[in-house]
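One structure is given here, and the rest of the page talks about it.
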Amino acid sequence: MKYTLPLLRCLFCSLRAVLCAGGIFIGLPVYKAHSQVYINDAVWLSGPGDTLFAGKGQDITITSAASLYTGGGSVVQARGAVQNNGIVSSAAGGKWILDGAASQHISGTAVFNTSVTVWQNSNPAGITLGNRWLVADMAHFSQGIVHSNLSGGASHLVFQHYAANAGASVSSYTEGFVTRQGTDPFVFPLGDNGAYHPLTAMPDIVANPPSAIPYSVRFINGNPADAIPEVGGPFLLTEKTADIAQVYDQRYWCVNGNLVGQNAFILHTGNITPFINDINDPTLIMVGWNKNTHRWERLGQRAAITGTLLNSDVYEDSIDLSLYSAFTIGQSKKGIRVAARVYLQGAWNAGTANMRDNLRSASLLPLINPYSQMGLANSRFTRVGIEQDEQITAEQGAVIFGSHAENSVVDWVLLEIRNAAALGQVLSTRAALIQRDGDIVDLDGVSPVFFSDLEPGDFYVSVKHRNHLGVMTGTAVTLDENPLAVIDFTTMPNGTVVGSGTAGRSWGNNAQAEVTAGVFALFGGNANANSNIRYIGPQTDQGALLNGCLSGDATALLNNIYSLCDINMNGNVRYIGPINDQAFLLNTVLGSLGNLIIVEQIPN
């Protein structure tokens with residue numbers, strides 16, 4: 001037998017008006033269905049005690065022309081399937097209770113708009129949401145698993161701005177994506193395959209509108225490398241930046257959304273003893289999968305961890321959610337980071353007081369560093385250490401070599417870390433990227449340059465470029481895994497750069513070019529990549545330009561080329577004519593002194 005409700009207007013006030021159910025009159029504020037319920041018109045449960053009770057597992061169907069409204073204190077209690085093709089709405093305090101003993105399926109073509117929801121299903125299969133279920137005020141997790149959609153996109157379980165949840169545990173949580181429409185702090189009640197691991201999000205309310213950019217989170221109790229494409233995976237554990245030793249392979253959180261700014265996350269990681277054996281381990285970090293460069297990246301310097309190894313929470317702030325699609329924990333390598341800044345005379349733009357990025361804008365920058373090829377594997381660019389073949393993929397290059405204003409990449413440089421007690425001994429080298437503002441960054445285009453093979457200590461730091469003379473710090477600097485300060489060569493006057501008159505040094509006094517008052521840059525014009533710049537005599541840079549690159553033809557022009565002879569770094573090589581490299585060498589670098597020789601001031 002089916003009960004069809006063509007017109008069910010439940011006044012349920014103190015007069016206890018009758019409820020009309022397809023010709024069946026019930027003079028009580030509680031309607032107990034004994035079979036499948038079809039609602040064909042408007043149904044109002046408007047106050048405390050008003051209840052639609054399908055208590056024996058009956059299905060409830062709201063047809064396309066119907067609506068079901070729950071007001072303050074009223075209840076719809078369902079123990080079977082619920083299908084909504086019409087309108088389901090609630091005022092504050094209107095409650096839905098889903099407490100079936102069998103599995104329950106929520107379906108239909110229309111959204112469920114609820115105020116309060118109680119999940120209390122006792123069947124191991126739980127409750128499956130086949131379409132969107134919106135919670136405006138509160139969701140209580142009392143028993144059973146709520147299955148939301150497992151792939152990305154709009155989630156089936158949505159918490160609106162300021163809505164909350166309570167009671168989630170290992171026996172009652174959401175499996176699948178949960179969406180938050182709001183920027184107030186929120187705990188995502190997440191679990192998977194018998195494991196409960198929520199994520200707490202604290203969005204940047206300054207950078208994001210309070211009305212909410214919706215974002216969705218899902219927890220997966222498994223290996224990120226096994227992630228399905230529907231969540232943006234696989235997230236390969238081997239694809240990671242150089243400063244990450246390993247990525248946790250047991251659990252991870254997927255995120256869909258575009259929250260910008262400095263957002264904070266807490267991963268409720270639980271037992272992490274298979275991965276970390278000391279709660280104070282300084283190498284513990286939170287890592288995120290960059291959806292543009294497709295690799296794991298370190299987030300912050302060190303994750304804050306609270307609790308115990310058996311029940312821990314890992315916290316990190318300053319997360320730009322628009323960049324990452326998955327999060328977990330990782331271990332950083334013990335090493336040092338170098339934050340340095342330098343200008344290249346060849347790319348210097350006096351009008352903007354920074355550097356030009358012609359090579360980048362013309363798509364001439366190579367994906368593999370030039371210090372392992374292009375004939376630069378010579379004694380001046382000898383590679384030392386475990387990383388000697390730095391390169392980025394075409395996909396990563398599309399992002400890193402994109403236009404980023406003053407952070408746009410100008411070229412590759414080579415960093416050297418030298419023994420403080422023996423300046424001629426290079427301990428480790430890294431090829432890195434230099435930006436228009438002079439910042440030298442690692443291959444992610446953002447971070448200070450990481451040396452994984454060195455322990456913290458005091459070192460000399462030198463910077464070299466393929467067609468410029470290099471520079472080295474005048475004294476040893478302390479380097480740690482967290483940069484203590486930027487080594488700013490652009491403002492180092494005589495006395496702090498080796499060869500610039502530093503007391504006790506004897507390497508000359510002309511380490512860098514002063515491109516404007518108080519601003520210094522590496523000397524350009526080194527077309528043959530040796531340790532000096534000269535115009536006449538043996539092994540000259542003028543000769544390398546004319547005879548080497550242009551084959552003796554002074555009228556020749558090489559367009560759109562990445563070349564040592566492009567000493568003014570505009571992407572062209574020419575000896576005569578407008579903006580030519582020969583004039584830059586003679587007039588700009590050597591000050592029109594053809595017999596001047598400038599020697600690199602870095603000790604051998």
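In this text the structure is predicted, and so the values were computed from the model without any measurement.
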Point to revise | Residues in ring-ring contact (aromatic ring centres under 6.0 Å, His included) contact with F265, at least two apart in sequence or another chain | key: F327

Practice item. Would you give the length of the straight line joining atom CD of Q435 to atom CG of N354, rounded to the nearest 0.5 angstrom? Key: 11.0 Å

Exercise for review: Show your working on side chain to side chain donor-acceptor pair (under 3.5 Å) between Y343 and Q512 and close with a plain yes or no.
Suggested key: CA-CA 10 Å; Y343 287 140; Q512 294 193 96; over 6 Å; no

**Study point:** Residues in side chain to side chain contact (heavy atoms under 4.5 Å, CB included) contact with S361, at least two apart in sequence or another chain
**Key:** none

Practice item. Determine, stepwise, if the pair T241 / D444 fulfils side chain to side chain donor-acceptor pair (under 3.5 Å). Key: CA-CA 8 Å; T241 52; D444 61 357; 6.0 Å; no

Exercise for review: Return the set of residues passing disulfide (SG to SG under 2.5 Å) with C565 (not counting sequence neighbours), or none when no residue passes.
Suggested key: C549

Point to revise | Rounded distance (nearest 0.5 Å) linking atom OH of Y315 with atom CE of M202 | key: 5.0 Å

Review point. Within a strict 4.5 Å, meaning less than it, do heavy atoms of the F450 and S332 side chains meet?
Key: no

Review point. Taking side chain as C-beta onward, heavy atoms only, is V477 less than 4.5 Å from L479?
Key: yes

Practice item. Determine the interplanar angle of the Y252 and F235 rings, folded into 0 to 90°, and report it as parallel if under 30°, tilted if 30 to 60°, perpendicular if over 60°. Key: perpendicular

Check your understanding: Nearest heavy-atom pair of R574 and I579: which atoms, and what distance?
Key -> CD-O, 3.9 Å

Point to revise | Polar side chain donor-acceptor pair, T490 to R341, under 3.5 angstrom | key: yes

Review point. Thinking salt bridges, do E390 and R383 make one under a 4.0 Å N-O criterion?
Key: yes

Check your understanding: Do T393 and L367 pass the side-chain contact (heavy atoms from CB on, under 4.5 Å) test, and can you show the C-alpha distance, the side-chain angles, and the key distance before you say yes or no?
Key -> CA-CA 7 Å; T393 67; L367 296 175; over 6 Å; no

Point to revise | Closest non-hydrogen atom pair between P203 and Y215, with its separation | key: CG-OH, 3.5 Å

**Study point:** Residues which pass ring-ring contact (aromatic ring centres under 6.0 Å, His included) with F451, listed by chain and number, not counting sequence neighbours
**Key:** none

Revision key, fill the gap. Nearest heavy-atom approach of V426 to T429 is CG1-CG2, 3.6 Å

Review point. Is there a donor-acceptor contact under 3.5 Å from the side chain of R430 to the main chain of L415?
Key: no

Check your understanding: Under 3.5 Å, side chain of R436 to main-chain N/O of M355, donor-acceptor pair present?
Key -> yes

**Study point:** Test side chain to side chain contact (heavy atoms under 4.5 Å, CB included) applied to V399 - qualifying residues, sequence neighbours left out
**Key:** N292

Practice item. Without swapping roles, check the side chain of W296 against the backbone of L236 for a donor-acceptor pair under 3.5 Å. Key: yes

Review point. Is there side-chain contact between W348 and V519, with at least one heavy-atom pair below 4.5 Å?
Key: yes

Point to revise | Criterion side-chain contact (heavy atoms from CB on, under 4.5 Å) on D581 and D566, from CA distance to verdict | key: CA-CA 6 Å; D581 298 285; D566 177 24; 3.6 Å; yes

**Study point:** Pairs meeting criterion disulfide bond (SG atoms under 2.5 Å apart) with involvement of residues 432-489, two or more places apart
**Key:** none

**Study point:** A420: partners by side chain to side chain contact (heavy atoms under 4.5 Å, CB included), with sequence neighbours left out
**Key:** Y460, A476

Check your understanding: Would you say the side chains of R356 and N349 form a donor-acceptor pair under 3.5 Å?
Key -> no

Check your understanding: So, does N263 use its side chain to make a donor-acceptor pair with the main chain of D204 at under 3.5 Å?
Key -> yes

Check your understanding: Considering all heavy atoms of both residues, which atom of I533 and which atom of L585 are nearest to each other, and what is their separation?
Key -> CG2-CD1, 3.7 Å

Exercise for review: Begin with the C-alpha distance, continue with both residues' side-chain angles, and end with the deciding distance and a verdict on side-chain contact (heavy atoms from CB on, under 4.5 Å) for I487 and M492.
Suggested key: CA-CA 9 Å; I487 303 171; M492 286 186 180; 3.8 Å; yes

Exercise for review: Look at the side chain of N526 and the backbone N and O of L469, then say whether any donor-acceptor pair between them is shorter than 3.5 Å.
Suggested key: no

Point to revise | disulfide bond (SG atoms under 2.5 Å apart) contacts in which one or both residues fall within residues 567-604, not counting sequence neighbours | key: none

Point to revise | Side chain proximity check, V255 to Y324, heavy atoms < 4.5 angstrom | key: no

Practice item. For R251 and H197, indicate whether the former's side chain and the latter's backbone hold a donor-acceptor pair under 3.5 Å. Key: no

Practice item. Quick one: which residue pairs count as a disulfide bond (SG atoms under 2.5 Å apart) with a foot in residues 389-432, not counting sequence neighbours? Key: none

Revision key, fill the gap. So CG of N528 and CG of L545: to nearest 0.5 Å the spacing works out to 10.5 Å

Check your understanding: Hey, are the side chains of I285 and V287 touching, using non-hydrogen atoms and a 4.5 Å cut-off?
Key -> yes

Exercise for review: Please name all residues satisfying ring-ring contact (aromatic ring centres under 6.0 Å, His included) with W253, sequence neighbours left out, ordered by chain then number.
Suggested key: F219

Check your understanding: S592 versus N587: any side-chain heavy-atom pair under 4.5 Å?
Key -> yes

**Study point:** Atom pair CD1 (I434) and CG (D357), whose distance is rounded to the nearest 0.5 Å
**Key:** 12.0 Å

Check your understanding: How many angstroms lie between CZ in F520 and CZ in F489, if you round to the nearest 0.5 Å?
Key -> 13.0 Å

Revision key, fill the gap. Tightest non-hydrogen contact, residues A201 and F188, listed as CB-CE1, 3.9 Å

**Study point:** L558, N559, I567, N580 screened by side chain to side chain contact (heavy atoms under 4.5 Å, CB included) with V573, the one that passes
**Key:** L558

Exercise for review: For the pair Q345 (side chain) and F523 (backbone), establish whether a donor and an acceptor sit closer than 3.5 Å, ignoring hydrogens and angles.
Suggested key: no

Practice item. Please report the C-alpha distance between S551 and D553 in whole Å, then the side-chain angles of each, then the deciding distance to 0.1 Å, and finally whether the side chain to side chain donor-acceptor pair (under 3.5 Å) criterion is met. Key: CA-CA 6 Å; S551 301; D553 184 357; over 6 Å; no

Review point. What pairs with D249 under side chain to side chain contact (heavy atoms under 4.5 Å, CB included), at least two apart in sequence or on another chain?
Key: N223, L237

Exercise for review: Measure from the side-chain N and O atoms of W412 to the backbone N and O of P366, and report whether any donor-acceptor pair falls under 3.5 Å.
Suggested key: yes

Review point. Which value, rounded to the nearest 0.5 Å, describes the distance between S462 atom OG and E416 atom CD?
Key: 3.5 Å

Review point. With a 4.5 Å limit on heavy-atom distance, are the side chains of P603 and R418 in contact?
Key: yes

Revision key, fill the gap. Of all heavy-atom pairs linking S408 and G402, the shortest is OG-O, 4.0 Å

Exercise for review: Can you tell me which residue pairs pass the disulfide bond (SG atoms under 2.5 Å apart) test with a partner in residues 573-604, sequence neighbours excluded?
Suggested key: none

Practice item. Ignoring hydrogens and angles, tell me if any N or O in the side chain of R466 forms a donor-acceptor pair with the backbone of S563 under 3.5 Å. Key: yes

Review point. Do V410 and L359 come within less than 4.5 Å of each other through their side chains, counting heavy atoms only?
Key: no

Review point. Would you say Q396's side chain and T293's backbone share a donor-acceptor pair under 3.5 angstrom?
Key: yes

